[in-house]
Amino acid sequence: MNPRPSIAFAKFAAPQTAASRKGTVLVLSADDGGLTDAAKAYDPGKTLERAFPVAEFTGKFAGVVEILAPEGSSLDRLVAIGAGKASGLDEYAWLKLGGTIAASLRKATDVAVVLDLAGASPDGKDAASLAAGILLRSYSFDKYKTRKDKDDAKADPRKPAKVTIHTADPAGAKKAFADAEAVIDGVLLARDLVNEPANVLGPVEFAARAKELEALGVKVEILAEKEMKKLGMGSLLGVAQGSPRGARMAVMQWNGGKPKDSPVAFVGKGVTFDTGGNSIKPASGMEDMKGDMGGAAAVTGLMHALAARKAKANVVGIIGLVENAVDGHAQRPGDIVTSMSGQTIEVLNTDAEGRLVLADALWYCNDRFQPKFMVNLATLTGAVMVALGVHYAGLFSNNDELAQRLTAAGQSTQERLWRMPLGAEYDKLIDSKNADMKNIGGRYGGAIIAAQFLQRFVKDTPWAHLDIAGTAMGSPSNEINQSWGSGFGVRLLDRLVRDHYES
């Protein structure tokens, strides 16, 4: 993978030192195209001021002007980046500016960022968000690419950039960044998991990755098929029976809150590869089904983030890990399975398998931990993409307060949610003549039907279902993500916990 930039914070350099500096310097400009005195100190030859009108640079957000070997300076490069209107610089804007900076680094190894802006007073948190954006944009998944020849290796020495952010409050920035970096590490873990090929990351291997969180103080239990069979998880195990790779359930607990406080809980669908089973998917695009564990990846990344930043909350993360494969043992359309809840399910379509996995995971979570609420995440339906595209995830909930808090967290982090309906009219569509329910309904409202199915396994516990099929994998590239796997959900749910559930 690309080397990860190192981030440091420092006070503004004195003008006499700035002009003699080597390397790359990036400065910010407000929407009038002007530079502060701290920025001008790096450009004694005024090359940027002369270049701005030629490049029609006005300081518009994410606009870039680059000068190589600027006159009157020993710098290799001098780059100005537009920050737009100071009034628009919220947390997400600082993340995006960090991403724009990362895109401008190229192969530079010594970089200074001058965080000084006319009309604004960036504080330590702003500097930390800028740094977080640099790390998010710098991520790429290329661990399986090999060098073609020695010339390529010489051309790309793979040295990580050393980025120093010059700010008015370096101590505050360093403290805020320690917290932000914990969350970013969780996002990058989730991206790694989604990007891994299915021959490398199956249920057993995924469970082992979850087990590694013990190094951060997370208590992790791994349930194998024997334990799940004893618990009566026929719904989950039915999905796994066609694969020789078995099934696992990882139960992760972070106990950072008061000892007697009930936990909050997050549950993730972890289908490490989905052929569709006997209701097999079309060949075109099936390779993307290595990412059908995006919900489990988000929950694992979230648990990493909460533990790494020592969140003052009791949190449970549960992921059901299976591979939906095709062989002579695979589940057949028309099979009836018994879930852990005792409810029977007629499996009419083996490609509607994620809800079968979540049914047992949700019931187990609720029965064992009796949490304040449960939020499950799943790349569950193509139907939610038909409804919402790839910029919002679908939100379904039986609790208005939880839904409102999730929506607000989504607006803050820009991992956005749109609430969808639930109701008795939809619920009756999954009634079955042969069992308590069937796993599909009619042609229309597929994302709602899936949510109605899940709701039958949560009792009266406050619950939300996030259908992240359009946002967890293959979502559009943006300023902070150029990866196929986005890590969607980690920042969102960390914000939910941070804002409402920490003691």
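Quick caveat, the model's predicted, so the values are computed rather than measured.
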Check: Has W484 got more than 12 heavy atoms of other residues, nucleotides or ligands less than 6.0 Å from its CH2?
Finding: yes

Margin query: Within the 4.5 Å heavy-atom criterion, are L406 and S397 side-chain neighbours or not?
Written below: no

Note to self: Do D185 and E181 have side chains that approach each other closer than 4.5 Å (heavy atoms only, starting at C-beta)?
What the structure shows: yes

Margin query: Tell me if a side-chain donor or acceptor on R137 pairs with a main-chain N or O of E479 at a distance below 3.5 Å.
Written below: yes

Margin query: Is there a side-chain contact between P371 and V316 in this structure, where contact means two heavy atoms from C-beta onward sitting under 4.5 Å apart?
Written below: no

Notebook entry, point to check: Do V65 and L78 come within less than 4.5 Å of each other through their side chains, counting heavy atoms only?
Noted result: no

Margin query: How long is the straight-line distance from CG of L492 back to OG1 of T407, given to the nearest 0.5 Å?
Written below: 9.0 Å

Check: Is a donor on one side and an acceptor on the other found under 3.5 Å between the side chain of E56 and the backbone of F52?
Finding: no

Next item on the list: From the options R495, R491, K96, select the one residue that forms a salt bridge (charged side-chain N to carboxylate O under 4.0 Å, His left out) with E91.
Entry: R495

Margin query: To the closest 0.5 Å, what do you measure between CG (D460) and CG (N366)?
Written below: 9.5 Å

Check: Counting only heavy atoms not in K174, do more than 12 fall under 6.0 Å of its NZ?
Finding: no

Next item on the list: For D179 and A176, indicate whether the former's side chain and the latter's backbone hold a donor-acceptor pair under 3.5 Å.
Entry: no

Notebook entry, point to check: Hey, is K290 close enough to E287 for a salt bridge, meaning N to O under 4.0 Å?
Noted result: no

Check: Nearest 0.5 Å, what's the OG-CG distance between S140 and N481?
Finding: 11.0 Å

Note to self: Run the side chain to side chain contact (heavy atoms under 4.5 Å, CB included) test on K459 and W363 for me, step by step, so that the C-alpha distance in whole Å, both residues' side-chain angles and the decisive distance to 0.1 Å come before the verdict.
What the structure shows: CA-CA 9 Å; K459 296 183 179 180; W363 190 271; 3.3 Å; yes

Note to self: Strictly distance-based, threshold 3.5 Å: is any side-chain N or O of N399 a donor or acceptor partner for the main-chain N or O of L402?
What the structure shows: yes

Notebook entry, point to check: Between T109 and K159, what is the shortest heavy-atom contact and its length?
Noted result: CG2-CB, 3.9 Å

Item checked: Under 3.5 Å: donor-acceptor pair, side chain of H166, backbone of V113 -> no

Next item on the list: Looking only at non-hydrogen atoms, find the nearest pair between A173 and F9 and report the distance.
Entry: CB-CD2, 3.5 Å

Margin query: Among residues at least two apart in sequence or on other chains, which ones pass side chain to side chain contact (heavy atoms under 4.5 Å, CB included) with T381?
Written below: R355, A383, V384, A447, A450, D467

Checklist line | Donor + acceptor pair across side chains of S503, D261 (<3.5 Å) | finding: no

Next item on the list: Kindly say whether V267 contributes a backbone atom to a donor-acceptor pair with the side chain of N376 at under 3.5 angstrom?
Entry: no

Next item on the list: Please examine the side chains of D43 and I67, heavy atoms only from C-beta on, and report whether any two atoms are closer than 4.5 Å.
Entry: no

Donor-acceptor list for residues 250-257 side chains, cut-off 3.5 Å, not counting sequence neighbours:
| residue | atom | partner | partner atom | Å |
| --- | --- | --- | --- | --- |
| Q253 | NE2 | E221 | OE2 | 3.3 |
| W254 | NE1 | A311 | O | 2.8 |

Next item on the list: Classify the side-chain pair E415/Y92 by whether it contains a donor and acceptor separated by less than 3.5 Å.
Entry: no

Check: Charged N to carboxylate O under 4.0 angstrom, D274 versus K269?
Finding: no

Check: Looking only at heavy atoms, what is the nearest atom pair of M293 and T272, with distance?
Finding: CG-CA, 3.7 Å

Check: Can you name the nearest heavy-atom pair linking A464 to L395, along with the distance?
Finding: CB-CD1, 4.0 Å

Check: Between CG of D123 and CG of D169, what distance do you get to the nearest 0.5 Å?
Finding: 7.5 Å

Next item on the list: Could you walk me through whether D292 and F273 pass the side chain to side chain contact (heavy atoms under 4.5 Å, CB included) test, one step at a time?
Entry: CA-CA 6 Å; D292 207 18; F273 193 79; over 6 Å; no

Check: CD1 of I480 to OG of S486: how many Å apart, nearest 0.5 Å?
Finding: 9.5 Å

Next item on the list: Determine yes or no for a side-chain-to-main-chain donor-acceptor pair under 3.5 angstrom, with R4 supplying the side chain and S138 the backbone.
Entry: no

Note to self: Looking at K219, I'd like to know if its NZ atom is crowded, meaning that more than 12 non-hydrogen atoms belonging to other residues, nucleotides or ligands lie closer than 6.0 Å.
What the structure shows: no

Next item on the list: Inspect the contact between R419 and D400 and indicate whether a charged nitrogen and a carboxylate oxygen are less than 4.0 angstrom apart.
Entry: yes

Margin query: Quick check against the 3.5 Å criterion: does E196 have a side-chain atom that pairs as donor or acceptor with the backbone of L193?
Written below: no

Item checked: L136 backbone acceptor or donor facing R191 side chain under 3.5 Å -> yes

Checklist line | CG on L48 to CZ on F57, rounded to 0.5 Å | finding: 8.5 Å

Notebook entry, point to check: Within a radius of less than 6.0 Å around NZ of K85, do more than 12 heavy atoms belonging to other residues, nucleotides or ligands occur?
Noted result: no

Margin query: So which atom in P53 and which in E49 form the shortest heavy-atom distance, rounded to 0.1 Å?
Written below: CD-O, 3.2 Å

Next item on the list: Begin from the C-alpha positions of T471 and L466 and carry the test side chain to side chain contact (heavy atoms under 4.5 Å, CB included) through to its verdict.
Entry: CA-CA 10 Å; T471 55; L466 308 184; over 6 Å; no

Next item on the list: Among T413, L188, D494, find the residue that satisfies the side chain to side chain contact (heavy atoms under 4.5 Å, CB included) test when tested with V183.
Entry: D494

Next item on the list: Using the six-membered ring wherever Trp is involved, compare the ring planes of F396 and H465 and label them parallel, tilted or perpendicular (cut-offs 30° and 60°).
Entry: parallel

Item checked: Under the side-chain hydrogen bond (donor to acceptor under 3.5 Å, both in side chains) test, residues paired with N314 that sit two or more places apart -> none

Next item on the list: State whether the side chain of Q414 and the backbone N or O of Q411 hold a donor-acceptor pair below 3.5 Å, judged by distance alone.
Entry: yes

Notebook entry, point to check: Would one find more than 12 heavy atoms of other residues, nucleotides or ligands at under 6.0 Å from atom NZ of K372?
Noted result: yes

Note to self: Counting only heavy atoms from other residues, nucleotides and ligands, does the tally under 6.0 Å from NZ of K312 exceed 12?
What the structure shows: no

Note to self: Counting C-beta onward and ignoring hydrogens, is there a side-chain heavy-atom pair between H500 and E401 closer than 4.5 Å?
What the structure shows: no

Checklist line | Flag for Y139-D192: side-chain donor and acceptor within less than 3.5 Å | finding: yes

Item checked: 4.5 Å side-chain heavy-atom contact, V299 and I318 -> no

Check: Hey, does L115 have a side-chain heavy atom less than 4.5 Å from the side chain of L130?
Finding: yes

Note to self: Let's go through V111 and I101 carefully: what are the C-alpha distance in whole Å and the side-chain angles of both, what is the deciding distance for side chain to side chain contact (heavy atoms under 4.5 Å, CB included) to 0.1 Å, and is it a yes or a no?
What the structure shows: CA-CA 10 Å; V111 180; I101 287 171; 5.6 Å; no

Next item on the list: Kindly give the heavy-atom pair with the smallest separation between I7 and A131, and that separation in Å.
Entry: CG2-CB, 3.7 Å

